[in-house]
Amino acid sequence: MAYTETFVDSTGQTHTLKPRFHRQARMRYRAENLEELFADDFKLLKQYINHHQTVQRPRIQELLDYAEGNNHTILESERRKDQDMADTRAVHNFGEYIATFKQGYLVGNPIQVSYDDSDNESVVEFLDEISKDNSFHQLNRSLVLDLSKTGRAYDLVYRTQEDETKAVKLDPTATFVIYDMTKEENSLVGVRYYDKNQFSNNQKIIEVYTPDEILIIDSSKDFKVVDRTPHFFGTVPLTEYLNSSNGMGDYESVLSLIDLYDASQSDTANYMQDLSDAILAIIGRVSFPSDCDTAEKQIEFMRKMRKARLLNLEPPVDANGNEGSVDAKYLYKQYDVNGTEAYKKRVIDDIHKITNTPDLSDDNFSGTQSGEAMKWKIFGFDQKRVDMQALFEKSLKRRYKLIARISETLKEIQNFDLSKVRVTFVPNLPADASNVVTNAKSLYGVVSDETVYSMLQSATGVDAKTEMERIEKQQQNSSLLSIQLEKNSRLSDKDLNEEDENNGERVLEEED
């Protein structure tokens, strides 16, 4: 039975709604404390896990399906009731298009994470090293893709058996966080569950991450804790990322429009196939030979006439011997081409407009547009990006805080200050290199060199820090060359000859 809910409006009238997802499908779980969560043999925790499996997970799975070309509505069985008619299912992967566009725009260029403390070189080097070892750029890209699809994403920081700190993305269909009741909404526990084996859906292993330890619970053993492992992160090592404050996916609000477009394209394809199977209406009588005295023989004879592109008809004769007219024509549903195509375009335009995703196939969105012109075309998308960027930065800093805590405990770094971590997003937007260089030149000497080189990053592909190091090295080499040239200019020909002879003698000595 489909999910329905009763809504009472401000006038007191009752309405029965049939929403696509349960109203609690994006609910954030909360509890007073660990004692409440674990009391009575994990009673409340069991309720949350069951709720996530039955209410929240189906929504997440459906959103993921729409990003993989498995659009649910168009793929439903018995979509077309006529058994003998075409039943084409045209699936359009708008979910992947929208999610990939956001991923490429937001993290197509790596997120720049710096530490504003030049005196603490150990922390700077450690953060750079752990970012490379964990491929944080690819991790961030995967998280943003999950965010765009499902509205939520999760990563876990842990310590390996090789005594290395690692961070990994978790499956959003089987992961959630339970928060406390405070206004700050601190993480109380993180939960990850999975099948005990790939062919046993009823037997699950539950990993519960508390601020102090990791509990392993086997659901097949009456929810018994089979292992307890302490950790030293000082807080829940599982972090939740949000796409927006309400945790919605980027195309979640246009699923019905995607269904409409799937249906319209499928019906058009069905019409084209049905046209080839149109019914031949004959007004009059077919002139059959005398030996065609059965229905099977008559059908075979008509097939031969069709192959010969010939149809021999006899006019009907009334009671007075008057002959009527003959005619033959195909019967098929008429197709309003202009109206149907205009309807499809309107649906596509609505999908792009509501999701603030530009249609790159639009003629008005050509490759000759300047970077500034394109910025106006994605203005709405950029506003949503800023909100998501702020939420992502908050969770990203929590990841670095977890890494720093365990690293300070193990004496790998000292005096880490989270407030000194700077996160910079570089949107992957096509830029007019000549304008970038011109603007950078105009600001040279007015702002810091680092700011100028940051502006040039979109044109050179080199971040400001690397560029400044290269320039410093170049200047050192130039200084050495200048000193040598100045020295040579002061030497006489005799001195130069003696120096060459001495160099030759040293070479001979080395060879001996």
Of all residues at least two apart in sequence or in a different chain, which pass the ring pair (Phe, Tyr, Trp, His ring centres under 6.0 Å) check with Tyr209?
->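 Ring pair (Phe, Tyr, Trp, His ring centres under 6.0 Å) check on Tyr209 returns nothing, list empty.
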Charged N to carboxylate O under 4.0 angstrom, Arg30 versus Glu185?
->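 Salt bridge between Arg30 and Glu185, a charged N being under 4.0 Å from a carboxylate O: yes.
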Salt bridge between Asp387 and Arg385, side-chain N to carboxylate O under 4.0 Å?
->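 Result for this pair is no, no salt bridge flagged.
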Give the C-alpha distance, both sets of side-chain angles, the deciding distance and a yes or no for side chain to side chain donor-acceptor pair (under 3.5 Å) between Ser131 and Asp133.
-> CA-CA 6 Å; Ser131 177; Asp133 291 343; over 6 Å; no
Residues which pass salt bridge (Lys or Arg N to Asp or Glu O under 4.0 Å) with [X], listed by chain and number, not counting sequence neighbours:
X: Glu240; answer: Arg28, Arg152
X: Glu5; answer: Arg23
X: Arg57; answer: none
X: Lys394; answer: none

Among pairs that include at least one residue of residues 339-353, which meet side-chain hydrogen bond (donor to acceptor under 3.5 Å, both in side chains), considering only residues two or more places apart or in two chains?
->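 Of all non-adjacent pairs touching residues 339-353, those that pass side-chain hydrogen bond (donor to acceptor under 3.5 Å, both in side chains) are Gln265-Lys344, Thr268-Lys344, Tyr335-Glu341, Glu341-Lys344, Lys345-Asp349.
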Partner of Phe94 by ring-ring contact (aromatic ring centres under 6.0 Å, His included), out of Tyr66, Tyr261, Tyr251 |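 Answer after filtering Tyr66, Tyr261, Tyr251: Tyr261.
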Ring centres under 6.0 angstrom apart ([X], [Y]):
X: Tyr179; Y: Tyr29; result: no
X: His231; Y: Tyr158; result: no
X: His92; Y: Tyr97; result: no

Using side chain to side chain donor-acceptor pair (under 3.5 Å) as the criterion, list what pairs up with Asp218, not counting sequence neighbours.
->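 Side chain to side chain donor-acceptor pair (under 3.5 Å) check on Asp218 returns Lys196, Ser220.
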Just jot down the side-chain contact (heavy atoms from CB on, under 4.5 Å) partners of Ser256, sequence neighbours excluded, or say none.
->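 So Ser256 forms no side-chain contact (heavy atoms from CB on, under 4.5 Å) with any residue.
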Residues forming a side-chain contact (heavy atoms from CB on, under 4.5 Å) with Asn356, sequence neighbours excluded =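 Result, side-chain contact (heavy atoms from CB on, under 4.5 Å) vs Asn356: Phe381, Lys384.
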Test side chain to side chain donor-acceptor pair (under 3.5 Å) on Asp382 and Tyr105 and set out the steps.
-> CA-CA 10 Å; Asp382 223 29; Tyr105 181 57; 2.7 Å; yes
Mind jotting down which residue pairs meet the ring pair (Phe, Tyr, Trp, His ring centres under 6.0 Å) criterion with at least one end in residues 8-27? Sequence neighbours excluded, please.
->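 For residues 8-27: Tyr3-His22.
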Tell me, which pairs form a ring pair (Phe, Tyr, Trp, His ring centres under 6.0 Å) where one or both residues lie in residues 279-304, sequence neighbours left out?
->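 For residues 279-304: Phe288-Phe301.
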If you round to the nearest 0.5 Å, how far is [atom2] of [Y] from [atom1] of [X]?
X: Arg399; Y: Ile130; atom1: CZ; atom2: CD1; value: 10.0 Å
X: Phe392; Y: Ile111; atom1: CZ; atom2: CD1; value: 4.5 Å
X: Lys169; Y: Asn140; atom1: NZ; atom2: CG; value: 12.5 Å

Please test Ile217 against Val208 for side-chain contact (heavy atoms from CB on, under 4.5 Å), starting from the C-alpha separation and ending with a verdict.
-> CA-CA 8 Å; Ile217 301 174; Val208 180; 4.0 Å; yes
Residue pairs, two or more places apart or on separate chains, that pass salt bridge (charged side-chain N to carboxylate O under 4.0 Å, His left out) and touch residues 36-54 =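 Qualifying pairs: none.
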Step through the shown structure and confirm whether more than 12 heavy atoms of other residues, nucleotides or ligands are within 6.0 Å of CD on Glu184.
->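 Yes, enclosed.
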So do the side chains of Tyr400 and Phe136 get within less than 4.5 Å of each other, counting heavy atoms only?
->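 When only atoms from C-beta onward are counted, Phe136 and Tyr400 do touch, with a gap below 4.5 Å.
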Take Asn71 and Asp259 through the test side chain to side chain donor-acceptor pair (under 3.5 Å) and record every step on the way to the result.
-> CA-CA 8 Å; Asn71 300 359; Asp259 292 339; 5.5 Å; no
Does any N or O in the side chain of Asp180 come within less than 3.5 Å of the main-chain N or O of Asn186, such that one atom is a donor and the other an acceptor?
->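 Here the side-chain-to-backbone pair exists.
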